[in-house]
Amino acid sequence: MQLTRRALMGATAMGAVVAAGCQPKAQSPDLNALLDRISTNILKESPETATSLNLSVEKAGGPYADRLSDASREGINRYRGVMEAGLNDLHALNRAQLSKADAVSYDVVTTSFENSIEALRYEHGQGATSPYVVSQLSGSYTYVPDFLDSQHQVTKREDADAYLSRLSAFARMLDQETKMIGDDAAAGVTPPDFCIDKAIAQLSDFARKKPADTVLVTSLAGKLGAIQGFPAADRTTLMQAAEAKVRDEVLPAYQRQIEALRGIRAHASSDAGCWRLPNGDALYATALKANTTTNMTPDEVHQMGVQLAQSINAEMDTILKAQGLTRGSVAERVQSLFHRPDQMYPNNDAGRAQIMAYLQQLKTQVEAKIPDYFGVVTHKELRISRVPTYIEAGQPEGYYQQGSLDGTRPGTFYINLRDTREVPKFTLPTLFHHEAIPGHHFQISIQQEQQALPFIRSALLGFNAYAEGWALYAEQLSDEMGLYADDPWGRLGYLKDAAFRASRLVVDSGMHAKHWTREQAIRSMMEVTGDVRSSTETEIDRYCVWPGQACGYMVGRQTFNRLRDEAKQALGSKFDIKGFHDAVLTNGSTPLSVSEALVHDWTTSLAHS
């Protein structure tokens, strides 16, 4: 799942400072009313989230369709103030007087905010979990064009006017970030030079386009063209205004951001880890805690990864030998698959079309198995789309973008088709299962549909270790469903990705805590996974700018596996896989400690039934 700015509280660095000395009141007010008020205050500061969820103006606390977030340091601090006020109100409650369900909500929300508070003590970028305001993966240029294209709906003239206002707001965001680039650099905080280079390349690729050829203009043209009976004169006026705003406001702001990055590039370091930043060791410890919702140390994370990579590589070796590949290391034999004609797609539009058709086939295949493993399911639509070409250079192989709350815009699995050699056939099933079904699309859609959950939990909050841990567990579950029974290469792809996630624990902690170089991390991951260098570089560079985020995957999966094993042992023949999955999913995204308590409650209830 792709991380976007302010999309998920608890998975980002947004939060608030807690006032000391708050004492619980004797009587607790209505928690849900308090959470709804906090949600509205959050949405007032995050209009993109309101658009993404397609909320009413009343639910969002006011008009939002013509606005974008304030990306300045002042805007972030104001947003933090919303969190501060909400958390203070929560701490003023008497938790002991809450119902069991409300106590869970209390724990979920306070943990989310408290983790964000800790991250925001690092006052650069977006905090400890995203310390660089602009990089190859962070900054408004990485998501606003796609946001306007895929999420800003235009069905009438007012929507088009709002779109034009957002073009101006986008230019302001870029300039706000450009100022922060300079401020952070003055304090000794700059991305690694290779990350700056990628950001400059992506920004430059967009900036050199003619205004009429940018997605910001072509998207509006398509939206207006889809409105039946829209006056031609109005369409011409709007398109001229869009081109003018892109030419006179947006593209100059792109150029200013490029120049700012070039200015700090001369003094940037090639060191990959955040240890080199002010308070870097504390920053990484904070990022690990926020992203895993545990207190695991970098050394513990590192060792878990080493052990898992070794055991998974042994399984991979068994499959490779069974398929007649016996010579060379596991990585070397996996790399040979990237040259097998039966696993590769042509690196052209025909090959890309074949990949899209195969992903649709995988969707049909897994949907037939879902009723055997889940009691609660989602019927929300899943769309499969290509990563936009204007950002594909810095993006991973695939990611998921959640749909609107009302289902009018489907959830979308994005596949990166910049180079089909990076996504051979044997790697696609597990990528689909992770990002789509039964992974992110399934989990997030079920969360959105839980009417009993407070809105802040069903629609706004998320925890990295839960969400990514579930998606990695979903990869494993797909193997357990028998989806690879007649596909040994697909099962090898699943194990390769599991080794990849184990390797993330090693290289993330290696770079940020053990002073590994980028090259050390690249070599280490390639030796474990057999992945091609280009995709490995993209992954390693991702960990450089999002410290700790990649560790949530395997920490989360191992927690779900442990909880399932414990439930099986306690329940024996009463254990029900559907019930276990429902217990995990219907409560929405939670810290791992809360997930553990929920599964234990389910186990105890079933044991006594």
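By the 30° and 60° cut-offs, the orientation of the rings of Tyr358 relative to Tyr345 is tilted. In this pair, His440 and Tyr400 present their aromatic rings parallel. The plane angle is below 30°, not in the 30 to 60° band.
The line from OG1 of Thr430 to CG of Asp479 is 9.0 Å long, rounded to the nearest 0.5 Å. Considering NE2 of His152 and OG1 of Thr51, their distance stands at 7.0 Å, rounded to 0.5 Å. Residue Gln335 holds its CD atom at 5.0 Å from CE of Met526, rounded to the nearest 0.5 Å. For the atom pair Leu477 CG and Lys369 NZ, the distance stands at 11.0 Å (nearest 0.5 Å). Interatomic distance, CD1 of Ile42 versus CZ of Phe455, reported as 9.0 Å (0.5 Å rounding). Here SG of Cys544 is found 10.0 Å from CG of Leu137. Values are rounded to the nearest 0.5 Å.
Within a 6.0 Å radius of CG in Asp486, no more than 12 heavy atoms belonging to other residues, nucleotides or ligands are found.
Pairing each heavy atom of Arg409 with each of Gln402, the nearest pair is NH2-O, 3.0 Å. When all heavy atoms are compared, the tightest approach of Leu98 to Ala103 is CB-N, 4.0 Å. Closest approach of Tyr399 to Pro388, counting heavy atoms only: OH-CD, 4.0 Å. The minimum heavy-atom distance linking Gln447 with Ser589 is given by the pair OE1-N, 2.7 Å. Of all heavy-atom pairs between Asn291 and Pro547, the closest is ND2-O, 3.4 Å. Taking every heavy atom of both residues into account, Asn348 and Gly351 meet most closely at OD1-N, 2.8 Å.
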Tell me, with the steps shown, if Ser105 and Arg457 meet side chain to side chain donor-acceptor pair (under 3.5 Å). CA-CA 8 Å; Ser105 291; Arg457 290 182 57 200; 3.0 Å; yes
What verdict does the side-chain contact (heavy atoms from CB on, under 4.5 Å) test give for Thr294 and Thr559, after you've listed the backbone C-alpha separation in whole Å, the side-chain angles of each residue and the deciding distance to 0.1 Å? CA-CA 11 Å; Thr294 73; Thr559 298; 5.7 Å; no
Apply side-chain contact (heavy atoms from CB on, under 4.5 Å) to the pair Leu35 and Leu90, showing each step before the final yes or no. CA-CA 9 Å; Leu35 294 179; Leu90 285 166; 4.0 Å; yes
Candidate pair Gln151 and Ser52, rule side chain to side chain donor-acceptor pair (under 3.5 Å), full reasoning: CA-CA 6 Å; Gln151 300 187 47; Ser52 178; 3.0 Å; yes
Determine, stepwise, if the pair Thr40 / Leu43 fulfils side-chain contact (heavy atoms from CB on, under 4.5 Å). CA-CA 5 Å; Thr40 298; Leu43 290 165; 5.6 Å; no
Criterion salt bridge (Lys or Arg N to Asp or Glu O under 4.0 Å) on Arg491 and Asp487, from CA distance to verdict: CA-CA 6 Å; Arg491 187 166 191 274; Asp487 184 11; over 6 Å; no
Passes side-chain contact (heavy atoms from CB on, under 4.5 Å), Val108 versus Leu461? Steps please. CA-CA 9 Å; Val108 169; Leu461 294 190; 4.0 Å; yes
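Considering only heavy atoms from C-beta on, Asn561 comes within 4.5 Å of Gln558 through its side chain. Between Leu585 and Phe442 there is a side-chain heavy-atom pair separated by less than 4.5 Å. With a 4.5 Å cut-off on side-chain heavy atoms, Cys551 and Leu288 count as touching. Side-chain contact between Glu566 and His600: present, with at least one pair of heavy atoms (C-beta onward) separated by less than 4.5 Å. Contact of the Phe580 side chain with the Val599 side chain is registered, since non-hydrogen atoms from C-beta on lie closer than 4.5 Å. With a 4.5 Å cut-off on side-chain heavy atoms, Ile384 and Tyr414 do not count as touching. In this structure the side chain of Thr286 never reaches within 4.5 angstrom of the side chain of Thr129, judged on heavy atoms. Between Val104 and Leu598 the shortest side-chain heavy-atom distance falls below 4.5 Å.
Distance alone, capped at 3.5 Å, places no donor-acceptor pair between the Gln476 side chain and the Tyr494 backbone. Put simply, the side chain of Ser138 gets close to the backbone of Ser135: a donor and an acceptor are under 3.5 Å apart. With hydrogens and angles disregarded, a donor-acceptor distance shorter than 3.5 Å links the side chain of Ser336 to the backbone of Arg333. Panel note: side chain Thr378, backbone Lys380; a donor-acceptor pair is recorded below 3.5 Å. A donor-acceptor pair is defined here as one N or O able to donate and one able to accept, closer than 3.5 Å; such a pair exists between the side chain of Lys574 and the backbone of Ala607. Of the possible polar contacts, none joining the Ser503 side chain to the Ala499 backbone as a donor-acceptor pair under 3.5 Å is found. Here the side chain of Gln136 pairs a donor or acceptor atom with the backbone of Asp541 at under 3.5 angstrom. The closest donor-acceptor contact from the side chain of Asn464 to the backbone of Gln549 lies under 3.5 Å. Side-chain N or O atoms of Arg352 include none that pairs as donor or acceptor with a backbone N or O of Asp419 at under 3.5 Å. Looking at Asn347, its side chain does come within 3.5 Å of a backbone N or O of Thr420 through a donor-acceptor pair.
Ring-centre distance between His581 and Tyr473: below the 6.0 Å cut-off. If you look at His433 and Phe413, their ring centroids are not closer than 6.0 Å. Aromatic rings from Phe426 and Phe338 are positioned such that their centres are separated by under 6.0 Å.
Tyr284 and Asp508 form a side-chain donor-acceptor contact under 3.5 Å, judged by distance and modelled atom types alone. A donor-acceptor pair shorter than 3.5 Å cannot be found between the side chains of Ser329 and Glu527. With no hydrogens or angles considered, a side-chain donor-acceptor pair links Glu468 and His434 at under 3.5 Å. A donor-acceptor contact under 3.5 angstrom links the side chains of Asp149 and Ser219, judged on distance only.
Geometrically, Arg504 does not engage Tyr543 in a cation-pi contact, judged by NZ or CZ lying under 6.0 Å from the ring centre and within 45° of the ring axis. Taking the ring axis of Tyr373 as reference, the NZ or CZ atom of Lys578 does not stay both within 45° of it and closer than 6.0 Å to the ring centre.
Ion pairing between Arg562 and Asp565 fails under the 4.0 Å rule for side-chain N and carboxylate O. No salt bridge links Asp342 with Lys425; every basic N to acidic carboxylate O contact stays at or beyond 4.0 Å. Salt bridge absent: Arg383 and Glu435 never bring a charged side-chain N and a carboxylate O closer than 4.0 Å. Note on Glu475 versus Arg501: salt bridge recorded, some NZ/NE/NH1/NH2 to OD/OE distance being below 4.0 Å.
Results of the side-chain contact (heavy atoms from CB on, under 4.5 Å) test with Trp602 over Asp582, Leu571, Val584 single out Leu571 as the only residue that passes. Of the listed residues (Thr427, Thr529, Asn313, Asp531), just one forms a side-chain hydrogen bond (donor to acceptor under 3.5 Å, both in side chains) with Lys496, and that residue is Asp531.
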